[in-house]
Amino acid sequence: MAESDFYQNVWALVRQIPPGRVCTYGFIARYLGSGRSSRLVGWAMNVSHGQTPEVPAHRVVNRLGMLSGKAHFGHPNQMQELLESEGVVVLDDCVQDFQARLWDPAIELRY
DNA sequence: TGAATGACTCGAT
DNA sequence: GATCGAGCCATTC
């Protein structure tokens, strides 16, 4: 039973992140109600592999903009390449202009 | 059933 | 200002 509603909500939210933008675990966790469930968001990403439709987990980084989850992709560089292909500049596993690229669901989906 | 783990975050030193 | 430790919550062993 690795598919709780929490995962579904996380995936649904991540899928709404527009290309070229990124989001953080903490923001997602907070938006879903439990600001302290950031680790569960990471869990959801772990399970999201092979999901359909695909979950753009590469657009989710930690609060510092670091690609902390790149090791869980097929290839460590895959996450960075996916982001760069969408226009996100990645340097040393960190998203450049992170503040500008940040996509906050609490603001973007408030309308 | 209890203990350990994890793609995180915050507060204290 | 940087580093260390504890908390959180669902899943797994």
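Throughout, a chain's letter reflects where its sequence line sits, starting with A, and its residues are numbered from 1. Because the structure is a prediction, the values reported are computed rather than measured.
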Could you state the atom-to-atom distance from CD1 of A/Ile28 to C1' of C/dC9 in whole Å?
16 Å
Could you tell me the separation between the CG atom of A/Leu32 and the C1' atom of C/dC9, rounded to a whole number of Å?
13 Å
Over how many whole Å does the gap from A/Trp43 atom CH2 to C/dT12 atom P extend?
8 Å
List the atom pairs, donor and acceptor, that lie under 3.5 Å between side-chain atoms in residues 68-77 of chain A and the rest of the protein, sequence neighbours left out.
unit_1  : atom_1 : unit_2  : atom_2 : d
A/Lys70 : NZ     : A/Asp93 : OD1    : 3.3
A/Lys70 : NZ     : A/Asp93 : OD2    : 2.9

When we call it a touch if two heavy atoms are under 4.0 Å apart, what does A/Asn62 touch: a base, just sugar-phosphate, or nothing?
sugar-phosphate
Consider only side-chain heavy atoms of I, L, V, M, F, W and Y, link residues closer than 4.5 Å, and tell whether A/Val55 and A/Tyr25 are in one cluster.
yes
With sugar-phosphate meaning primed atoms plus P, OP1 and OP2, does A/Ala57 contact a base, only sugar-phosphate, or nothing at under 4.0 Å between heavy atoms?
base
Tell me the interatomic distance from A/Gln8, atom CD, to C/dT11, atom P, rounded to whole angstroms.
12 Å
Of the options C/dT11, B/dT9, B/dA7, whose atoms approach the side-chain atoms of A/Met45 most closely?
B/dA7
Among the nucleotides C/dA10, B/dC8, C/dT11, which one has an atom lying closest to any side-chain atom of A/Tyr25?
B/dC8
Would one find a side-chain N or O of A/Arg63 under 4.0 angstrom from OP1 or OP2 of B/dC10?
yes
C/dA10 phosphate, OP1 or OP2: any side-chain N/O from A/Ser37 under 4.0 angstrom?
no
Roughly, in whole Å, what's the span from CZ in A/Phe6 to P in B/dC8?
14 Å
With a 4.5 Å cut-off on side-chain heavy-atom distances among I, L, V, M, F, W and Y, is there a chain of contacts connecting A/Leu67 to A/Trp103?
no
Has A/Glu54 got more than 12 heavy atoms of other residues, nucleotides or ligands less than 6.0 Å from its CD?
no
Going by an N to O cut-off under 4.0 Å, is there a salt bridge joining A/Arg59 and A/Glu86?
yes
Send over the distance from A/Asp5 CG to C/dC9 C1', rounded to a whole Å.
16 Å
With C1' as the reference atom in both, quote the distance from C/dT3 to B/dA7 in angstrom, rounded to an integer.
22 Å
Hey, is the side chain of A/Arg30 poking within less than 4.0 Å of OP1 or OP2 on B/dC10, counting only N and O atoms?
yes
Length of the CZ-P vector between A/Arg39 and B/dC8, whole Å:
7 Å
Counting any heavy atom closer than 4.0 Å, what does A/His49 reach on the DNA or RNA strands: base, sugar-phosphate only, or nothing?
base
Gap between atoms CG and P, on A/Asp93 and B/dC8 respectively (whole Å)
13 Å
Taking the same atom, P, in C/dA6 and in B/dA4, what whole-Å distance lies between them?
14 Å
Per atom distances to the A/Thr24 side chain, the nearest of B/dT9, B/dG6, B/dA7 is B/dT9
